[in-house]
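Data first, discussion second: the structure below is written as structure tokens.
Residue numbering restarts at 1 for every chain, and letters A, B, ... go by the order of the sequence lines. Computed over heavy atoms, backbone and side chain alike; hydrogens, waters and symmetry mates excluded.
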Amino acid sequence: MNAPEEDLRQQFRALRADDARRAPSFESTLARNSASSSVSSPSHSTVRARRDQRSRLLWQLGLGTAVAAITLVATQYRPDLSTSQQRQQQQLASHDLPAVQTWTTPSDALLADASTSDPLETSAHLIGEIDRLLNRTPRHL
Amino acid sequence: VSYNTALPDDRSGTNQPVPENADNLPASDLRRLLAELHPECWGWTLRCCRGHTHTAEDVLHMSYQKILSGRAHFSGRSSFKTWLFGVIRLTALDQRRWSVRRWLRFLPLPDDEPALATTGDFPGESFFQAEQNQALRDALARLASRQAEVLHLVFYHDLTLDEAASVMRVSPGTARTHYERGKASLRSLLVSQNPVQ
């Protein structure tokens with residue numbers, strides 16, 4: 001055993017001697033009432049009753065606070081209930097489609113074409129729209 | 001029952017014999033063995049109860065009751081002291097669980113008492129020694145539980161690492177790891193508490 005370990009051992013031995021001085025006797029330990037019976041000892045019943053009441057009150061306070069906090073959070077929270085499909089429809093309605101629906105002649109469509117950025121996509125779209133408008137065109141025209 | 005084998009804890013000065021056939025150990029012999037080991041049991045129980053004397057007395061009482069009533073049975077597979085320390089440790093764990101259950105059900109708990117403090121209680125005890133003891137207690141309280149347990153068993157009760165592992169119900173390798181780490185942590189804690197040393 002090296003010296004530092006022996007030093008630790010000495011400290012523990014001093015602690016052991018100290019504990020041994022305070023140790024209750026074997027007979028008194030054997031004769032001691034168990035924990036469960038000492039709990040119900042009448043000598044401290046008033047103090048314990050007060051302590052129980054206090055801890056119960058603390059529990060109830062804590063529980064009440066937690067319930068109130070959860071309720072508050074739940075009432076304040078307003079989730080966005082619109083679905084993704086609804087959002088898509090809203091975007092379409094506010095963006096391109098109104099302009100498309102206002103076309104009445106092929107020249108309107110051609111004018112709109114000038115403001116778009118993607119020529120291929122717009123051309124295909126325009127061809128479709130022109131066809132639709134031509135089909136709608138009254139017979140006398 | 002004949003007793004012709006010494007317990008492996010002769011270093012601690014107890015020198016009590018261990019029964020050859022422990023299964024047939026009469027209550028009177030058990031009682032004598034317990035009485036001889038009582039001071040050491042007290043130290044170990046205090047450690048298991050984190051220095052709370054009233055709880056330690058309850059736990060020690062219950063452990064003795066378990067043994068004398070036959071509910072805890074010594075089969076002779078380990079030394080009597082090792083087995084006894086294991087019984088005390090498990091009883092202390094049971095007691096802790098019992099306290100938690102009572103607390104959760106708003107039932108009254110045993111009287112709380114402060115952890116053992118030593119300074120100036122005994123006239124013959126030097127103030128310096130009392131301070132050192134308290135510093136060691138504080139340092140042990142700050143260690144991880146397993147580390148403190150293994151150091152206590154090895155240094156306080158002079159058990160070997162294998163015996164300590166048996167009490168703690170861990171493998172010897174695990175006990176050695178806790179021992180080495182605990183020793184290093186304890187040294188640094190003691191130095192930080194008293195840098196002059």
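Tracing side-chain contacts under 4.5 Å through hydrophobic residues (I, L, V, M, F, W, Y), one never reaches B:Leu90 starting from B:Trp83; they form parts of separate clusters. Hydrophobic clustering (ILVMFWY, side-chain heavy atoms < 4.5 Å, transitive): B:Val100 and A:Trp59 are in one cluster.
Within the 4.5 angstrom heavy-atom criterion, only backbone atoms of A:Ser25 (N, CA, C, O) approach chain B. If you measure heavy-atom distances from B:Leu34 to chain A, the contacts under 4.5 Å come from both the backbone and the side chain. Of the two parts of A:Gln10, neither the backbone nor the side chain holds a non-hydrogen atom closer than 4.5 Å to a non-hydrogen atom of chain B. B:Val154 touches chain A through backbone and side chain together, each having a heavy atom under 4.5 Å away.
Ionic pairing of A:Asp7 and B:Arg187 is not present here: no N-O contact between side-chain nitrogen and carboxylate oxygen is shorter than 4.0 angstrom.
Under the side chain to side chain contact (heavy atoms under 4.5 Å, CB included) test applied with B:Phe155, the options A:Gln11, A:Glu5, A:Arg13 reduce to a single match, A:Glu5. When B:Asn133, B:Leu136, B:Asp158 are each tested for a side chain to side chain contact (heavy atoms under 4.5 Å, CB included) with A:Phe12, only one passes: B:Leu136.
Side-chain atoms of A:Arg32 do not come within 3.5 Å of backbone N or O of B:Met62 as any donor-acceptor pair. Counting only distance, with no hydrogens or angles, the side chain of B:His38 and the backbone of A:Pro24 share a donor-acceptor pair below 3.5 Å.
B:Lys183 and A:Leu8 get closest at one heavy-atom pair: CG-CD1, 3.7 Å. Residue A:Arg16 comes nearest to B:His157 through the heavy atom pair NH1-CA, 4.2 Å, listed as atom of the first residue, atom of the second, then distance.
Applying the 6.0 Å contact sphere to CZ of B:Arg96 captures more than 12 heavy atoms from other residues, nucleotides or ligands. Atom CZ of B:Arg77 has 12 or fewer neighbouring heavy atoms from other residues, nucleotides or ligands inside a 6.0 Å radius.
Note: B:Tyr156 OH to A:Leu15 CG = 5.5 Å, rounded to the nearest 0.5 Å. Interatomic distance, B:Gln132 CD to A:Asp18 CG, rounded to the nearest 0.5 Å: 12.0 Å.
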Go through the steps for A:Leu30 and B:Arg31 under the test side chain to side chain contact (heavy atoms under 4.5 Å, CB included), then give the verdict. CA-CA 10 Å; A:Leu30 209 56; B:Arg31 201 182 166 101; 3.3 Å; yes
